[in-house]
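Basis for what follows: all heavy atoms, side chains included, without hydrogens, waters or symmetry-related copies.
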Amino acid sequence: MIEVLETAMFWILSVVLVVIVLIPTYVTLAFYLVWHYDRRNFPEPVLGEAPPALKPGRVVRAMLLEAASLTFLVATYPLRVIQDASPKRAHASDRPPVVLIHGYGGNSANFLWMQWRLRRGGFRNVYAVSYTPPHINMRKLSDQVARHVERVLERTGAEQVDLVCHSMGGPLSRYAIKNLGLAGRVRKVIALGSPHYGSRIAALFPARGAAAQMRYRSPFVQELAEEGECPGGARFFCLYSEMDNFVLPAATAVLENAEENLHLPYLGHCSLLYSPRVARAVADRLRAD
């Protein structure tokens, strides 16, 4: 009987592991096929510059890295239960606290590695938060983001926070700053692969809630850009990649009025969360006056 149970458990675990690996790999390949089609047929300049030429070998390597990054993201998804942090404690620090805001369908565990890197780099108050569910209206999700930020400010006693946002976390943060009372309370916003003007890839999802609002040039994102792309006196930094397979076109990931738009080549959408290059760029911009 014990041997039967052990055999059954082995096969169950094997199937789970295969699913965890194969589904992210399939999604990565499918999205890169869409990325290739979009880049070839609808090229758009980024800040007036034509899309750069890409080397085939580095493209393949970037795709493999993206598949591995998405697999790790999926595997660590359940760790939200220990990662969520409406802060239970704060440390004395002369730097503003850092709040990490994930993207569509993700949760706070997406920032496990980034949070570890920042804390190791001397940032003592770093908090990853989750908002749910992803399919509801972005205005409601932004309200959750604003409340998380308010709790961090209250717990730490800080006057301002810095935000590090991945994907849809960027537009949510801009909405919260513009419309939900965070103006003047956010010092810097560092956006990683954020589709500020939506993404064509969102058209592949059912036209409900946030997925509909994140379609390229949707009424929501155009309304968000009215009266200024960078609201509330915050300093904006946009980190993006021409190989971002979720953000189409790449031009949607930059803001003309941002303090800096930094291109990090050969990184996919999820790879931005786990890249040492990105982590260094984020830490450098958080430290800068």
Side-chain angles (χ1 to χ4, degrees), residues 27-67 69-70 103-104 164-171 173-174 189-205 213-226 228-230 235-282 284-285 288:
V27 170
T28 299
L29 177 60
F31 276 44
Y32 268 119
L33 289 173
V34 176
W35 168 84
H36 175 71
Y37 177 84
D38 186 87
R39 178 182 170 86
R40 183 170 182 175
N41 293 279
F42 307 102
E44 292 192 21
V46 180
L47 299 175
E49 296 184 5
L54 299 174
K55 298 178 180 179
R58 295 195 66 183
V59 167
V60 172
R61 180 181 175 186
M63 291 173 64
L64 293 173
L65 178 61
E66 176 65 10
S69 297
L70 182 56
Y104 183 89
V164 178
C165 313
H166 180 241
S167 193
M168 192 174 74
S173 298
R174 289 169 59 219
V189 178
I190 302 176
L192 314 177
S194 287
H196 296 292
Y197 286 95
S199 174
R200 293 192 183 113
I201 209 77
L204 300 179
F205 295 82
Q213 291 167 308
M214 285 310 298
R215 291 189 172 188
Y216 187 51
R217 297 284 178 180
S218 73
F220 176 84
V221 294
Q222 294 191 64
E223 172 193 328
L224 185 55
E226 292 176 356
E229 298 174 322
C230 305
R235 300 165 61 189
F236 280 77
F237 303 81
C238 299
L239 280 55
Y240 72 100
S241 174
E242 279 282 353
M243 277 204 65
D244 192 322
N245 52 326
F246 282 71
V247 177
L248 306 176
T252 191
V254 305
L255 295 171
E256 289 187 8
N257 297 322
E259 185 164 326
E260 182 182 19
N261 290 293
L262 177 64
H263 181 218
L264 295 164
Y266 299 104
L267 288 173
H269 193 64
C270 297
S271 302
L272 291 165
L273 289 166
Y274 308 115
S275 164
R277 281 187 290 157
V278 174
R280 286 193 296 269
V282 168
D284 289 345
R285 281 144 190 82

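The neighbour count for E256 CD, taken as heavy atoms of other residues, nucleotides or ligands under 6.0 Å away, does not exceed 12.
Evaluation of the side chain to side chain contact (heavy atoms under 4.5 Å, CB included) rule for P265 yields H263, R277 as partners, not counting sequence neighbours. Annotation: side chain to side chain contact (heavy atoms under 4.5 Å, CB included) contacts of L65 (sequence neighbours excluded): S69, L267, S271. For E260, the salt bridge (charged side-chain N to carboxylate O under 4.0 Å, His left out) partners at least two apart in sequence or on another chain are R285. Not counting sequence neighbours, the partners of Y274 by the ring pair (Phe, Tyr, Trp, His ring centres under 6.0 Å) test are F72. Checked against side chain to side chain donor-acceptor pair (under 3.5 Å), S173 has no partners two or more places apart in sequence or in another chain. Partners of F237 under the ring pair (Phe, Tyr, Trp, His ring centres under 6.0 Å) rule, at least two apart in sequence or in another chain, do not exist in this structure.
Atom CE of M214 sits about 9.0 Å away from atom NE2 of H196, to the nearest 0.5 Å. Residue S218 holds its OG atom at 9.5 Å from CD of E223, rounded to the nearest 0.5 Å. Distance check: S167 OG to D244 CG gives 7.5 Å after rounding to the nearest 0.5 Å. Rounding to the nearest 0.5 Å gives a distance of 11.0 Å between CG of L272 and CE of M243. For the atom pair NE2 of H166 and OG of S194, the computed distance is 7.5 Å after rounding to the nearest 0.5 Å. The CZ atom of R61 sits 12.0 Å away from the NZ atom of K55 when rounded to the nearest 0.5 Å.
Scanning all heavy atoms of the two residues, the minimum distance from C270 to E66 falls at N-OE2, 3.0 Å. Across all their heavy atoms, G170 and C165 have their closest contact at N-CB, 3.5 Å. Residues A253 and C238 approach most closely at O-CB, 3.5 Å, considering heavy atoms. For Y240 against N261, the heavy-atom pair with the smallest separation is CE2-C, 4.1 Å. Contact between A67 and T28 at its shortest, heavy atoms only, is CA-OG1, 3.5 Å. Shortest non-hydrogen contact noted between Y266 and A62 is O-CB, 3.5 Å.
Proximity of P249 to Y216: side-chain heavy atoms (C-beta onward) are separated by under 4.5 Å at one or more points. The closest side-chain heavy-atom distance from T252 to V221 is not below 4.5 Å. Using a 4.5 Å heavy-atom cutoff, the side chains of N245 and V34 are not in contact.
Aromatic ring orientation, F205 versus F31: perpendicular (interplanar angle above 60°, classes split at 30° and 60°).
Counting only distance, with no hydrogens or angles, the side chain of S241 and the backbone of L264 share a donor-acceptor pair below 3.5 Å. A donor-acceptor contact shorter than 3.5 Å links the side chain of N41 to the backbone of Y37. No donor-acceptor distance shorter than 3.5 angstrom exists from the side chain of E242 to the backbone of A250, with no hydrogens or angles considered. At distances below 3.5 Å, at least one donor-acceptor pair connects side-chain atoms of E229 with backbone N or O atoms of N257.
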(request) Verify side-chain contact (heavy atoms from CB on, under 4.5 Å) between Y197 and L255, making sure each step is shown before the conclusion. (result) CA-CA 9 Å; Y197 286 95; L255 295 171; 4.3 Å; yes
